[in-house]
Amino acid sequence: MATINFYNTLTRQLEEFKPIKKGRAGLYTCGPTVYNYAHLGNLRTYIFEDVLKRVLVYNGYRVKNVMNITDVGHLTSDADEGEDKMEKGARREGKTAWEIADFYTAEFLKDLAELNIGRPDLLPRATEHIKEQITLVKKLEKNGFTYRTVDGIYFDTSKLPGYGRLANLAKQKLRAGVRVDIGDKRHPTDFALWKFSPPLEKRQMEWPSPWGTGFPGWHLECSAMSTKYLGQPFDLHCGGIDHVPVHHTNEIAQSEAAAGKPLANYWLHGEFLVLPGGKMAKSADNFITLRTLTERGLLPLAYRYFVLQTHYRKPLTFDWRALRAAQNGLQHLYQIIREWTEEPAIGCAEFEARFLTAVNNDLNLPEALAITWELIKSGYPASAKKSTLFKFDEVLGLGLREVKAEAEPPLPAAVQTLVKERDAARAAKDWGKSDALRQRLERLDYEVRDTKEGTKVVEKNRR
Ligand code: AMP
Ligand code: ZN
């Protein structure tokens, strides 16, 4: 097998990937909290993780990928405080927390499909693994890492040598003398393992435990479910960069304190998608979803292409114009493939070798895309280029094999509405209204044609 190098957050260097079991890779990716749609930032991270998985498969590994679905109520801040996200979602929509979880899990899976993100092999839900989480807390209690406060059972981070190694917390220590409100916690970095339901309040999601009725702390599920399905240690663990200082740091602490061995060997983190004005966050109102894009006439795969143009360890600023340019680039690629009518034949070994080197070098997709375009412009016969391009697409996931003879981008929702209204007007023989709608469509730069199937529109600046 070829050498693959990844940047391991744990050691802060590029390392050669050496699997625990020959030819196999266990991969755990932190999944969504299903109280709202995924935003484009979340989806950037899932695309990075999908590329990671595809690169491993491309190299011949059998990958087992587990992604948790956080469907249990957690509090809205890393500090175990604030509102419960699931119950907040439930109140917002007048549904139960369970209905909210089911709805947004289904929406999340649709997003994955539209972005050609392979579905993880297992999608365990936190609420279906309460028993495993309680078992883990019991182990920690037995090993002397827990203490009780009025509102829950906490992990005592001072008892674990090396706590915070992943984030280099010792170096960037909370400055001495700075007072932080830590409530009843003994140390600022201590975190909840089990939270008690507030007295006199019945929560929608709560479970009995040896310590009292309540719900798990939000890092617990990942430690419990990753090791249940992948063993301990397993090969690779990833997430967005925000998970380094708290969530992953605490997953490592719990799992190491419970089992006395590492949780995972390689930790990979994707940088954030940012808006020109700052970060995109699910709890803020400034989030853009995949649906927002399709309503504006953009293809989900154009977003994937946009994301692949930047290395996963670099911040990426969201920008509508750059996204449109990515869509044009992708459509240009589709058009080239449409024009290659030859059957794929023996590929271009030289380009395939270079592509493999790029993707195996810490997932250098910007380079891999540059090689892809170089291949397209090269003098090889179309049959060879097509074969190699289809191979590349096993990593790129841009749907190149599925390019149809005449694929059209979806119409913006506003345009679709006008088309429907015009069809209705014509059905009602309201020619005045039908003409007015034609003019409105033309003002939006669409050419309007009447066909047997109804109104057809074509963007004027496209062929
Ligand atoms: P959450 O549902 O908030 O737990 O986030 C799901 C995944 O998206 C995690 O891996 C986060 O690290 C990641 N994430 C959150 N915000 C962003 C962002 N703006 N850009 C990239 N990844 C993000
Ligand atoms: Zn996690």
Side-chain angles (χ1 to χ4, degrees), residues 9 27-52 65-78 82 85-86 88-89 100-101 104-105 107-108 111-112 115 117 120 123-126 129 133 136 166-167 191 216-230 234 236-255 263-264 267-284 286-290 303 306-307 310-318:
T9 308
L27 169 65
Y28 187 84
T29 47
C30 287
T33 307
V34 283
Y35 72 109
N36 205 335
Y37 292 101
H39 61 58
L40 294 183
N42 304 133
L43 296 172
R44 179 188 187 198
T45 293
Y46 302 129
I47 292 171
F48 138 62
E49 293 162 345
D50 179 61
V51 168
L52 167 63
N65 174 206
V66 180
M67 178 186 275
N68 62 305
I69 298 287
T70 303
D71 59 349
V72 67
H74 289 303
L75 305 174
T76 41
S77 82
D78 275 351
K85 292 181 184 172
M86 295 301 301
K88 185 177 165 195
I100 290 287
Y104 287 109
T105 303
E107 291 300 310
F108 171 67
D111 285 352
L112 294 193
L115 288 167
I117 296 175
L123 287 157
R125 289 168 174 242
H129 295 77
Q133 297 181 66
L136 185 56
L166 180 76
F191 56 91
W218 85 277
H219 317 297
L220 201 59
E221 62 183 73
C222 288
S223 285
M225 303 198 295
S226 61
T227 52
K228 170 166 180 173
Y229 296 108
L230 296 170
F234 56 88
L236 302 128
H237 193 315
C238 6
I241 195 88
D242 59 321
H243 282 348
V244 175
V246 182
H247 182 52
H248 287 169
T249 287
N250 292 343
E251 274 187 42
I252 290 175
Q254 295 163 157
S255 298
L263 176 58
W267 290 79
L268 275 67
H269 293 97
E271 260 291 352
F272 261 33
L273 175 79
V274 293
L275 292 170
K279 78 170 192 177
M280 188 178 294
K282 221 185 244 186
S283 43
N286 67 355
F287 74 83
I288 307 175
T289 64
L290 201 55
Y303 181 63
F306 170 73
V307 164
T310 301
H311 191 263
Y312 77 93
R313 285 197 291 116
K314 292 215 176 94
L316 169 61
T317 304
F318 182 75

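This structure is a prediction, so every number in the text was calculated from the model and none was measured. Both counts, for ligands and for their atoms, begin at 1 and track the order of listing.
For ligand 1, the atoms lying closer than 4.0 Å to a non-hydrogen atom of Thr45 are 10 (O), 13 (C), 21 (C), 22 (N), 23 (C). Atoms of ligand 1 lying under 4.0 Å from at least one heavy atom of Gly239, given by number and element, are 10 (O). Close approach of ligand 1 to Leu273 is summarised as follows: ligand atoms under 4.0 Å from at least one heavy atom of the residue are 18 (C), 19 (N), 20 (N), 21 (C).
For ligand 1, the polar-atom distance check finds an N/O of Asn42 within less than 3.5 Å of one of the ligand's N/O atoms. Backbone and side-chain nitrogen or oxygen atoms of Cys30 are examined, and none is located within less than 3.5 angstrom of a nitrogen or oxygen of ligand 1. Of the N or O atoms in Asp242, one or more lie within a sub-3.5 Å distance of an N or O in ligand 1.
Taking backbone and side-chain atoms together, His219 has no N/O/S atom less than 2.8 Å away from the Zn ion (ligand 2). Using a cut-off of 2.8 Å, one finds that Cys222 contributes an N/O/S atom close to the Zn ion (ligand 2). For Glu251, the nearest N, O or S atom to the Zn ion (ligand 2) falls under 2.8 Å.
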For His129 and Tyr229, run ring pair (Phe, Tyr, Trp, His ring centres under 6.0 Å): C-alpha distance rounded to whole Å, both residues' side-chain angles, the deciding distance at 0.1 Å, then the answer. CA-CA 12 Å; His129 295 77; Tyr229 296 108; 5.6 Å; yes

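Residue contacts with ligand 1: His39 is included, with a non-hydrogen atom under 4.0 Å away. Between Pro32 and ligand 1 there is a heavy-atom distance shorter than 4.0 Å.
A donor-acceptor contact shorter than 3.5 Å links the side chain of Asn250 to the backbone of Val246. A donor-acceptor distance shorter than 3.5 angstrom exists from the side chain of Thr9 to the backbone of Trp267, with no hydrogens or angles considered. Under a 3.5 Å cut-off, the side chain of Arg44 and the backbone N or O of Glu271 do form a donor-acceptor pair.
With contacts defined as side-chain heavy-atom distances shorter than 4.5 Å, the pair Thr70/Trp218 does not qualify.
The ring-ring contact (aromatic ring centres under 6.0 Å, His included) test with Tyr37 singles out one residue from Tyr104, Phe108, Phe287, and that residue is Tyr104.
For His247, the N, O or S atom closest to the Zn ion (ligand 2) goes by the atom name NE2.
Side chains of Glu251 and His237: a donor on one and an acceptor on the other come within 3.5 Å.
The CE atom of Met67 sits 8.5 Å away from the SG atom of Cys30 when rounded to the nearest 0.5 Å.
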